[in-house]
Undergrad: 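Questions regarding the structure given below will be posed in turn.
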Amino acid sequence: MVKAPRGTQDIFGNSSAIWQRIEATAIKLFNEAGFQEIRTPIFESSELFSRAVGESSDIVNKEMYTFNDRSERSLTLRPEGTAGVVRAFIENSFDREGLPAKLWYRGPMFRYERPQTGRYRQFHQIGIEAIGAKAPYIDLEIIKLGVNFIQDLGLTNLTLHINSLGNSSSRENYIAALKVFLKESLEHVCEDCQRRYEQNPLRCLDCKVPEDQKIYQNAPTIIKYLDEESQKIWQETQNGLTELGIKYQIDEKLVRGLDYYTHVVFELKTKSEKLAGQNTVLAGGRYDNLVKNLGGGDYASVGWALGIERIATLIEETHQISKLYIISDSPIEALKLADKLRLETKKIAIELAYEETKFKKQLEKAIKRDYQWALFYLSEERNSGLFKLKNLRENKEYDKLDYSQVLELL
RNA sequence: GCAGGUGUCGCCAAGUGGUUAAGGCUCCGGUUUGUGGUACCGGCACUCGUGGGUUCAAGUCCCAUCAUCUGCCCCA
């Protein structure tokens, strides 16, 4: 039997209802804040990602779904959303429409990784980007939208972690200082850290090995290396969060896996056990150099992305709309009635039996499938023009109703 | 990419080398025609993830492969 490829899954039933709720919640929030949807291609030139995400990142090194098409172009299934959005921003000259460009997107992303709880090879993100906005107030708006999103879904038990990576020169100075520190104890740390030292020294800081962590306790922190400008932005961001009543936790070891981040970076993490080790459900930050690096103007930007699968795992259940089942001995008459009812009722699903099965079977089906209502529409009702309606959950029956009374009850 | 666990019907699950692969739930049909999830009857794995091998004999042993789970790496 042919199965879905490793790391992919079918979404249906209750999960699908939860996904719809997640997407509807996000879309409402984005519309209210004046963000516009953008749909970019699912595959792009491979070069876009190696330039945007960074040659040293794990994503580019070992996780991309890259292939050559029939004309030998190297293409890649997008591993994240920001690169494509920025490419579209530049290509379509969005800067002429006025800045910042406030955009949101959703859709599948692809990374060739070992599948696990909360980790898939095809996974889905919803993200927002504000391109061409330097003021820290846009960071605050973006972060607030993430926090509101979580709240609107009724999720608790999430913590906002933030850190600053500073501007390019602060970051360079810090990395230089960090490398000096790391070099002293390079022989005593794990192999991964020795590799990180070469490739991405920042990542050493969130190493999981306890012995290594002991050593890193004395490492210089990035905050001390922020230059005046970066320091000022960092202060304003924190003040703003407090003003907005957003609780946060400074995490000096939060460095993120993509190379394009600058200044503020943040993650919303859950304490729930349901996601095993994958406890980050929403993450983002500022990327002031990315647009320029991809050939656009010098536009500072900020954004985040959330993982739909991870959020969905945290949501237990969702309310389905109530349903009505038409019990009839004539499918065509039931179909005509269903059509009419669908036009004239709101927020109720109208269903019927398509085959001429027995009365009792139809009623049992309605009960088993958890329909709230059964509407009797057999020859007797059709002749009299009066309906019988039953609330199956409350076991209440309403007899001899005319059509308008049926509508009132639903 | 590395280390370990698991794979018998849609779901749960017995089976530990020997004739026709328990059982439960769900599902489908019926118990002569318009009212409740009950009860009763019947149906639903030529096959044990897949492919090889060992054996007179394999769901049961061996190898490979695939899938899945857990930890690491990393990430949403």
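Chain A is the first sequence line, chain B the second, and so forth, proteins listed ahead of strands; every chain is numbered from 1. Only a predicted model underlies this, so the values are computations on that prediction, with no experimental measurement involved.
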Undergrad: Can you measure Arg121(A) atom CZ to U68(B) atom C1' for me and round it to whole angstrom units?
TA: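 After rounding, the gap between these two atoms is 12 Å.
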
Undergrad: Assess the residue pair Lys390(A) and Asn395(A) against the criterion (side chain to side chain contact (heavy atoms under 4.5 Å, CB included)); give the C-alpha distance rounded to whole Å, side-chain angles, the decisive distance to 0.1 Å, and a yes or no.
TA: CA-CA 7 Å; Lys390(A) 187 160 185 172; Asn395(A) 197 18; 3.5 Å; yes

Undergrad: Pairing check on U19(B): which nucleotide meets the Watson-Crick or G-U wobble criteria with it, both distances under 3.5 Å?
TA: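 Looking at the geometry, U19(B) pairs with no nucleotide.
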
Undergrad: Give none if G37(B) has no partner; otherwise give the nucleotide forming a Watson-Crick or G-U wobble pair with it, both distances under 3.5 Å.
TA: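 Result: none.
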
Undergrad: Please evaluate the base of U35(B) for a donor-acceptor partner in the side chain of Glu364(A) within a cut-off of under 3.5 Å?
TA: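 No pair found.
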
Undergrad: NA contact type, Gly127(A), heavy-atom cut-off 4.0 Å: base, sugar-phosphate, or nothing?
TA: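 Counting heavy atoms under 4.0 Å across all strands, no contact is made by Gly127(A).
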
Undergrad: Given U31(B), is OP1 or OP2 found less than 4.0 Å from the side-chain N or O atoms of Lys358(A)?
TA: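 Answer is yes, contact under 4.0 Å.
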
Undergrad: Give me the distance, rounded to whole Å, that separates G34(B) from G15(B) when you measure between the P atoms they each carry.
TA: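 Nearest-Å result for G34(B) against G15(B) at atom P: 46 Å.
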
Undergrad: With a 4.0 Å cut-off on heavy atoms, is Ile311(A) in touch with a base, just the backbone sugar-phosphate, or nothing at all?
TA: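 Nothing, no nucleic acid heavy atom in range.
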
Undergrad: Quick one: is U68(B) close enough that its OP1 or OP2 comes under 4.0 Å of any side-chain N or O from Arg6(A)?
TA: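 For U68(B), OP1 or OP2 has a side-chain N or O of Arg6(A) closer than 4.0 Å.
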
Undergrad: How long is the line joining CG of Leu363(A) and P of G36(B), in whole Å?
TA: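 Taking CG of Leu363(A) and P of G36(B), I get 7 Å after rounding.
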
Undergrad: Is it the case that Lys179(A) places NZ or CZ above or below the six-membered ring of Tyr197(A), under 6.0 angstrom from the centre and within 45 degrees of the axis?
TA: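 Because its charged atom sits under 6.0 Å from the ring centre and within 45° of the axis, Lys179(A) does stack over Tyr197(A).
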
Undergrad: Nearest whole Å is fine: how far is A76(B) P from Glu267(A) CD?
TA: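 After rounding, the gap between these two atoms is 7 Å.
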
Undergrad: Which label fits Phe89(A) and Phe94(A): parallel for a plane angle under 30°, tilted from 30 to 60°, or perpendicular past 60°?
TA: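 If you compare the ring of Phe89(A) with that of Phe94(A), the planes turn out perpendicular.
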
Undergrad: Over how many whole Å does the gap from Glu63(A) atom CD to C74(B) atom P extend?
TA: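 The distance from CD of Glu63(A) to P of C74(B) comes to 10 Å, rounded to the nearest Å.
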
Undergrad: What nucleic acid atoms does Arg369(A) come within less than 4.0 Å of, heavy atoms only: base, sugar-phosphate, or nothing?
TA: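 The answer is sugar-phosphate, as Arg369(A) gets under 4.0 Å only of primed atoms, P, OP1 or OP2.
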
Undergrad: Mapping Gly7(A) and Gln278(A) to their closest nucleotides on RNA chain B, which lands nearer the 5' end?
TA: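 Whichever sits nearer the 5' end wins; that is Gly7(A).
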
Undergrad: What is the pairing partner of A64(B), taking Watson-Crick or G-U wobble pairs with both distances under 3.5 Å in any strand?
TA: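 Here A64(B) is engaged in a pair, and the nucleotide opposite it is U50(B).
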
Undergrad: At 4.0 Å (heavy atoms only), tell me whether Asp329(A) reaches a base, stays on the sugar-phosphate, or touches nothing.
TA: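 The residue Asp329(A) makes no contact with any strand.
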
Undergrad: If you assign Thr117(A) and Lys388(A) each to the RNA chain B nucleotide with the nearest heavy atom, which residue ends up on the more 5' nucleotide?
TA: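 The residue whose closest nucleotide sits nearer the 5' end is Lys388(A).
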
Undergrad: Expressed as a whole number of Å, how far does the P atom of U6(B) sit from that of A45(B)?
TA: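 It works out to 29 Å between them.
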
Undergrad: Sort out the partner of A76(B) for me: Watson-Crick or G-U wobble, both distances under 3.5 Å, none otherwise.
TA: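 Here A76(B) is not engaged in any pair, so there is no nucleotide opposite it.
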
Undergrad: Expressed as a whole number of angstroms, how long is the span from Tyr398(A):OH to U35(B):P?
TA: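 Roughly 20 Å, once rounded to whole Å.
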
Undergrad: Please determine whether a side-chain nitrogen or oxygen atom of Gln116(A) lies at a distance below 4.0 Å from atom OP1 or OP2 of G71(B).
TA: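 Gln116(A) to G71(B) OP1/OP2: side-chain N or O found under 4.0 Å.
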
Undergrad: Any salt bridge between Lys269(A) and Glu267(A), counting N to O under 4.0 Å?
TA: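 Salt bridge present between Lys269(A) and Glu267(A).
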
Undergrad: Under the rule syn = chi within 90° of 0, otherwise anti, which is C12(B)?
TA: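 Anti, since the glycosidic angle lies more than 90° from 0.
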
Undergrad: Considering only heavy atoms, which members of residues 375-383 of chain A lie under 4.0 Å from some atom of RNA chain B?
TA: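 Residues of residues 375-383 of chain A under 4.0 Å from RNA chain B: Phe376(A), Leu378(A), Glu380(A), Glu381(A).
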
Undergrad: Checking side chain to side chain donor-acceptor pair (under 3.5 Å) between Asp329(A) and each of Gln362(A), Arg382(A), Lys358(A), which is the one that passes?
TA: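 The side chain to side chain donor-acceptor pair (under 3.5 Å) with Asp329(A) is passed solely by Arg382(A) among Gln362(A), Arg382(A), Lys358(A).
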
Undergrad: Just the rounded figure in Å: distance from P of U68(B) to CZ of Arg119(A).
TA: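 Whole-Å distance recorded here is 14 Å.
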
Undergrad: Taking the same atom, C1', in G10(B) and in A3(B), what whole-Å distance lies between them?
TA: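 Going atom to atom, C1' in each nucleotide, I get 33 Å.
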
Undergrad: Between U16(B) and G29(B), how far is it from one P atom to the other, in whole Å?
TA: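 Straight-line distance between the two P atoms is 37 Å.
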
Undergrad: Watson-Crick or G-U wobble partner for C2(B), using a 3.5 Å limit on both distances?
TA: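 Partner of C2(B): G71(B).
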
Undergrad: Between the base of U35(B) and the side chain of Lys390(A), is there any donor-acceptor pair under 3.5 Å?
TA: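 Answer yes: a donor N or O sits under 3.5 Å from an acceptor.
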
Undergrad: When the C1' atoms of U19(B) and C11(B) are compared, how many Å lie between them, rounded to an integer?
TA: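 Each nucleotide's C1' atom is 31 Å from the other's.
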
Undergrad: Is any side-chain N of the basic residue among Glu333(A) and Lys336(A) closer than 4.0 Å to the acidic one's carboxylate O?
TA: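 Counted as a salt bridge, because a side-chain N and a carboxylate O are separated by less than 4.0 Å.
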
Undergrad: Out of Arg393(A), Lys365(A), Lys323(A), which one pairs with Asp370(A) under the salt bridge (charged side-chain N to carboxylate O under 4.0 Å, His left out) rule?
TA: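 The residue from Arg393(A), Lys365(A), Lys323(A) that satisfies salt bridge (charged side-chain N to carboxylate O under 4.0 Å, His left out) with Asp370(A) turns out to be Arg393(A).
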
Undergrad: Distance between the P atoms of G36(B) and C48(B), in whole angstroms?
TA: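 Between the two P atoms, the distance is 45 Å.
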
Undergrad: For C27(B) versus A64(B), give the span between their P atoms, rounded off to a whole number of Å.
TA: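 43 Å, rounded to whole Å.
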
Undergrad: Base, sugar-phosphate alone, or nothing: which one does Glu113(A) contact when heavy atoms must sit under 4.0 Å apart?
TA: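 Base contact - Glu113(A) has a heavy atom under 4.0 Å of at least one base atom.
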
Undergrad: How many whole angstroms separate atom NZ of Lys365(A) from atom C1' of C28(B)?
TA: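 Taking NZ of Lys365(A) and C1' of C28(B), I get 10 Å after rounding.
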
Undergrad: Checking contacts here: which listed nucleotide (U70(B), G29(B), C27(B)) is nearest the side-chain heavy atoms of Arg114(A)?
TA: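 In terms of side-chain proximity for Arg114(A), the closest of U70(B), G29(B), C27(B) is U70(B).
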
Undergrad: I want to check something: taking the side chain as every heavy atom from C-beta on, are Ile223(A) and Glu252(A) in contact at a cut-off of under 4.5 Å?
TA: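 Answer yes - side chains close enough.
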
Undergrad: Is any NZ, NE, NH1 or NH2 atom of the basic residue among Asp288(A) and Arg286(A) found under 4.0 Å from an Asp or Glu carboxylate oxygen of the other?
TA: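 Salt bridge: yes.
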
Undergrad: Calculate the interatomic distance between Tyr197(A) atom OH and C73(B) atom P; express it in whole Å.
TA: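 Tyr197(A) atom OH is separated from C73(B) atom P by 21 Å.
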
Undergrad: For C11(B), which nucleotide is its Watson-Crick or G-U wobble mate, given both distances must be under 3.5 Å?
TA: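 Paired with G24(B).
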
Undergrad: Got a sec, which residues hit side-chain hydrogen bond (donor to acceptor under 3.5 Å, both in side chains) with Glu44(A), two or more places apart in sequence or on another chain?
TA: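 So Glu44(A) forms a side-chain hydrogen bond (donor to acceptor under 3.5 Å, both in side chains) with Arg87(A).
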
Undergrad: For the C1' atoms, the ones on U26(B) and on C44(B), what distance do you get once it is rounded to whole angstrom?
TA: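 These two C1' atoms come out 11 Å apart once rounded.
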
